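Data first, discussion second: the structure below is written as structure tokens.
In each ligand, atom 1 is the first atom listed, and ligand 1 is the first ligand listed. What's counted below: heavy atoms across the whole structure, side chains too, no hydrogens, waters or symmetry copies. Nothing here was measured: the structure is a model prediction, and the numbers come from that model.
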Amino acid sequence: MADQPLLNTYGRLPIVFDHGHGPWLFDTDGQRYFDTFTGIAVCGLGHAHPAVAEAISRQAQRLLHCSNLFYTAEQQSLAKRLCELSGMDGAFFANSGAEANEAAIKLARLYGHQRNIKNPAIIVMERAFHGRTLATLTATGNRKVQAGFEPLVSGFVRAPYNDLAAIQSIANANPNVVAILLEPVQGEGGLSIASNEWLQGVRRICDEHRWLLMLDEVQTGNGRTGSYFAYQQTGVLPDVVTTAKGLGNGFPIGACLARGVAATTFQPGHHGSTFGGNPMACAAALAVLDVIERDNLIARARTLGARILGNLKSAFDGADYIRDIRGHGLMLGIELNEPCAELVPLAKMQGLLMNVTAEKVIRLLPALTLSDDEADYMVDQLVRVIKLYAGDDRMVPRPSIDA
Ligand SMILES: Cc1ncc(COP(=O)(O)O)c(C=O)c1O
């Protein structure tokens, strides 16, 4: 597989996938794997969801694309549904999370210039992840993502996460700040969860200084944390929200939603995308929203998340190699004391697809459609593999389930 004509940007496992079904992926040899992170928080409804497949197929026979120089019913419906769900006033559609964040960053800069701030700055967080374009990798708080791509983009100020005093001191010292961009739960950064008090304090400082509060819900959005957007459990309404990943369940789409003054900042010519929000992507996203609503998946993310968290905590009770187990809905992290990237190939041999982030954190982003049995199977398998890895002899018997 190493001889494939692909640029060498990923450390891939040697598996060739052929098809999927719910939480399962099947390789070209027919071997099945349980997916604990759904293509990095993308296939929230599981793989090959029939309603999404049908919507894509129907739309492909009507209209794939016509450019943003015209309207389509699909784009209008999706913008309306997302605004109703989020409390925002308008949507810009892109093709990915990074592009949704680029739109937010440009919007904030434009907002600053409209306020006669010549060098507008955006506060971003340590250990944040916002994407791989030049502006979003600069906003990302991880040197590994940035190294080798200097010069980085100017206009970002870094602050520690969950630290209100740090934001206040930037506010006191820097008159160029126009916005703050943060994730309600840092996924790539190792599953750090913002406290409601911090977010409410950030909102207050934003209001005092006329900054835009911009939330990156690329990973947390679309029901994953147990509300459509994570901020809906915090008592805070942002000015700008970005999302992508689970919105299309695998069909590429991103959105930058804005309200109030932020929703009137862009004017024709300021920003654009050839493919963004084309009828195909919007039809897929509309089908995703229908299924989330029809199957009550937001409430399900809460109960499933609590079940998985509780089972993991009791399985690892007293395990000295585990530093912490935490979660917010179906975004969960098992933090080990030591770096544990070698768990990934070990889990693969056991038929389990696992993601490790921030070196020591096993990040779980399972499908919102798991049955209780599937969720319990996932936990049993994870516990087995982690105990095997840690040399913990209190092993659990191998569980089984039908695909
Ligand atoms: C919070 C967050 N923002 C932005 C991105 C970038 O999204 P994309 O890879 O679709 O550009 C990611 C991807 O992991 C993310 O987790």
Side-chain angles (χ1 to χ4, degrees), residues 7 9-12 35-44 92-108 122-142 144-146 149 153 156 161-162 179-194 199 213-225 228-231 238 240-257 273 275-277 281 284-285 288 327-333 353 355-358 361-366:
L7 295 190
T9 49
Y10 298 98
R12 299 176 201 256
D35 186 356
T36 67
F37 63 100
T38 56
I40 322 184
V42 168
C43 299
F92 172 83
F93 290 109
N95 311 290
S96 64
E99 286 172 86
N101 285 335
E102 281 278 342
I105 291 165
K106 284 181 68 178
L107 192 156
I122 300 173
I123 300 178
V124 288
M125 298 299 124
E126 287 171 6
R127 295 157 62 103
F129 187 83
H130 297 297
R132 298 284 192 157
T133 64
L134 271 178
T136 58
L137 75 82
T138 305
T140 290
N142 179 346
K144 279 194 193 149
V145 171
Q146 298 169 341
F149 300 108
V153 176
F156 293 97
Y161 197 68
N162 266 333
I180 177 161
L181 173 65
L182 64 95
E183 300 151 89
V185 180
Q186 291 187 326
E188 288 291 311
L191 256 294
S192 299
I193 304 171
L199 286 175
L213 174 55
M214 310 202 296
L215 297 184
D216 178 342
E217 295 238 17
V218 167
Q219 192 166 146
T220 49
N222 310 296
R224 177 151 296 281
T225 68
Y228 193 81
F229 287 112
Y231 68 80
V240 175
V241 192
T242 59
T243 195
K245 289 195 182 275
L247 181 57
N249 209 55
F251 201 96
I253 180 167
C256 173
L257 310 170
S273 163
F275 292 126
V288 170
H328 192 20
L330 284 177
M331 238 180 133
L332 302 114
L353 300 177
N355 176 254
V356 170
T357 190
V361 182
I362 300 160
R363 175 174 44 166
L364 304 177
L365 302 158

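With ligand atoms numbered from 1 in the order given, ligand 1 contributes 3 (N), 4 (C) to contacts under 4.0 Å with heavy atoms of N101. Atoms of ligand 1 lying under 4.0 Å from any heavy atom of G131, numbered from 1 in the order shown and given with element: 6 (C). Residue S96 approaches ligand 1 through these ligand atoms, each under 4.0 Å from one of its heavy atoms: 10 (O), 11 (O).
Checked by atom type and distance alone, the side chain of T140 pairs as donor or acceptor with a backbone atom of H130 at under 3.5 Å. No donor-acceptor pair under 3.5 Å is formed between the side chain of N355 and the backbone N or O of F37. At distances below 3.5 Å, not a single donor-acceptor pair connects side-chain atoms of D216 with backbone N or O atoms of L181. Judged by distance alone, with hydrogens and angles left aside, the side-chain atoms of Q186 form a donor-acceptor pair with the main-chain N or O of E126 at under 3.5 Å.
Nearest to atom 15 (C) of ligand 1 among the protein's heavy atoms is F129 CD2, 3.7 Å.
One finds no salt bridge joining E217 and R224 here, because no Lys/Arg side-chain nitrogen approaches an Asp/Glu carboxylate oxygen to under 4.0 Å.
Counting heavy atoms closer than 4.0 Å to ligand 1, residue K245 contributes side-chain atoms (C-beta onward) but none from N, CA, C or O. With a heavy-atom cut-off of 4.0 Å, A98 touches ligand 1 through backbone and side chain alike. At a heavy-atom cutoff of 4.0 Å, ligand 1 is contacted by no atom of T136, backbone or side chain. Of the heavy atoms in E183, only side-chain atoms (C-beta onward) come closer than 4.0 Å to ligand 1.
Among the atoms of Q219, some N or O lies under 3.5 angstrom from an N or O of ligand 1. Between V218 and ligand 1, no pair of N/O atoms sits closer than 3.5 Å.
Taking 4.0 Å as the cut-off, I40 does not count as a neighbour of ligand 1 on heavy-atom distance.
Scanning D216, T242, T133, V42 for the heavy atom closest to atom 3 (N) of ligand 1 points to D216.
Expressed to the nearest 0.5 Å, how far CD1 of I362 lies from OG1 of T36 amounts to 9.0 Å. Rounded to the nearest 0.5 Å, atoms CD1 (I40) and CD (E188) are 6.5 Å apart. Note that CD1 of I123 is 12.0 Å distant from CZ of F156, once rounded to the nearest 0.5 Å.
Remark: of the listed residues I253, V42, V288, I253 is the sole one forming a side-chain contact (heavy atoms from CB on, under 4.5 Å) with L247.
Counting only heavy atoms, the protein never gets under 4.0 Å from atom 9 (O) of ligand 1.
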